[in-house]
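Order of the sequence lines fixes the chain letters, A, B, ..., with proteins taken first and strands second; residue numbering starts at 1 for each chain. What you see is a predicted model; the values in this text were computed from it and never measured.
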2 protein chains.
Amino acid sequence: MKESIRSRYEARAKILKAMAHPSRLLIIEELQKKERCVNELTAMVGADTSTVSKHLSVLRNAGLVIDEKRANCIYYTLRCTCILDFIGCVEDVLAAKAEDHKKIMKSCKK
Amino acid sequence: MKESIRSRYEARAKILKAMAHPSRLLIIEELQKKERCVNELTAMVGADTSTVSKHLSVLRNAGLVIDEKRANCIYYTLRCTCILDFIGCVEDVLAAKAEDHKKIMKSCKK
DNA sequence: TTCTTATTTGGCCATATAGCCAAATAGAAA
DNA sequence: TTTCTATTTGGCTATATGGCCAAATAAGAA
């Protein structure tokens with residue numbers, strides 16, 4: 001694989017990797033609804049503040065969210081809402097998987 | 001976070017995680033064009049056969065690809081082509097990031 | 001100033017991952 | 001049968017990740 005090609009795939013992988021965590025997916029979905037500060041997100045995720053803060057920094061580094069200081073909180077916003085579209089596709093994969101599973105169970109019964 | 005909600009996010013995260021690797025993204029893109037056997041993919045990725053085989057098993061476990069034995073090869077196929085749509089979104093994120101970077105560089109020059 | 005409150009960072013540990021090599025497996029060809 | 005080819009699996013090491021706690025930082029409120 002050529003170097004230039006590889007680095008393009010690496011850039012993409014970095015973004016997917018940033019999304020590939022249950023807590024971060026929750027955060028992404030919440031931020032799509034409205035901006036939130038770390039405190040609020042921490043309550044939603046139900047983990048240590050430091051843990052959530054690190055998750056947010058992963059999302060920020062990947063360019064998925066933006067943070068803005070206002071009043072005495074730091075508000076996080078989702079940057080590209082198209083992100084949510086692709087959750088739909090992920091659901092399709094899950095559905096296809098479930099369908100297969102059903103088929104396998106069926107053929108076992110025979 | 002409720003248990004039922006968490007497990008849904010975990011299922012999604014598993015799929016994203018499976019995609020979040022440069023070599024696997026390359027494989028996904030190649031498989032979108034046409035089915036390929038391990039050998040061919042190994043050449044494209046440029047890694048050890050065993051490494052590529054493990055990447056394929058990650059994709060298979062996530063339900064992203066299907067394998068079918070035919071002649072003396074095992075052919076892999078992409079299961080949901082919608083996967084590709086969302087690469088477009090990832091590119092948007094990258095573009096937005098690049099744009100920001102430009103702005104920062106500009107403001108530094110002042 | 002000191003006391004809160006909000007957030008990030010550092011340290012530590014446990015776990016997961018990617019990579020390679022070597023070995024196992026399966027099937028086709030000789 | 002042996003041999004070759006395709007693929008997977010096991011073993012190993014190095015590296016990265018997620019989680020918590022504790023400490024640092026920043027900014028407002030008292």
**Q** In chain order, what residues pass the side-chain contact (heavy atoms from CB on, under 4.5 Å) check against A:Thr42, with sequence neighbours excluded?
**A** A:Val38, A:Thr49, A:Val52

**Q** Who pairs with B:Val58 by side-chain contact (heavy atoms from CB on, under 4.5 Å), at least two apart in sequence or on another chain?
**A** B:Ala18, B:Arg24

**Q** Considering only heavy atoms, which members of residues 64-75 of chain A lie under 4.0 Å from some atom of DNA chain C?
**A** A:Asn72, A:Cys73, A:Ile74

**Q** Check every nucleotide of DNA chain C for an atom under 4.0 Å from a heavy-atom of chain B, then give the first and the last such nucleotide from 5' to 3'.
**A** C:dA16 to C:dG27

**Q** For A:Asp48, give me all partners under salt bridge (Lys or Arg N to Asp or Glu O under 4.0 Å), at least two apart in sequence or on another chain.
**A** none

**Q** Just to verify, what does A:Lys33 make a salt bridge (Lys or Arg N to Asp or Glu O under 4.0 Å) with, not counting sequence neighbours?
**A** A:Glu30

**Q** Of all residues at least two apart in sequence or in a different chain, which pass the side-chain contact (heavy atoms from CB on, under 4.5 Å) check with B:Cys37?
**A** B:Asn39, B:Glu40, B:Cys73, B:Tyr75

**Q** Measure CZ/B:Arg36 against P/D:dT7 and give the value in whole Å, please.
**A** 13 Å

**Q** To the nearest Å, give me how far apart NZ (A:Lys14) and P (D:dA16) are.
**A** 13 Å

**Q** Just jot down the side-chain hydrogen bond (donor to acceptor under 3.5 Å, both in side chains) partners of B:Arg12, sequence neighbours excluded, or say none.
**A** A:Glu29, A:Glu91

**Q** With heavy-atom distances below 4.5 Å as the criterion, would you say the side chains of A:Glu10 and A:Lys14 are in contact?
**A** no

**Q** Not counting sequence neighbours, which residues clear side-chain contact (heavy atoms from CB on, under 4.5 Å) with A:Ala13? List them please.
**A** B:Pro22, B:Leu25

**Q** With sequence neighbours excluded, tell me which residues meet side-chain hydrogen bond (donor to acceptor under 3.5 Å, both in side chains) with B:Glu68.
**A** B:Arg70

**Q** Near DNA chain D, counting only heavy atoms under 4.0 Å, which residues of residues 49-58 of chain A show up?
**A** A:Ser50, A:Thr51, A:Lys54, A:His55

**Q** Quick one: salt bridge (Lys or Arg N to Asp or Glu O under 4.0 Å) partners of B:Arg60, sequence neighbours excluded?
**A** B:Asp67

**Q** Taking CD1 from B:Ile27 and C1' from D:dT7, how many angstroms apart are they, rounded to a whole number?
**A** 14 Å

**Q** Expressed as a whole number of angstroms, how long is the span from B:Asp48:CG to D:dG11:C1'?
**A** 14 Å

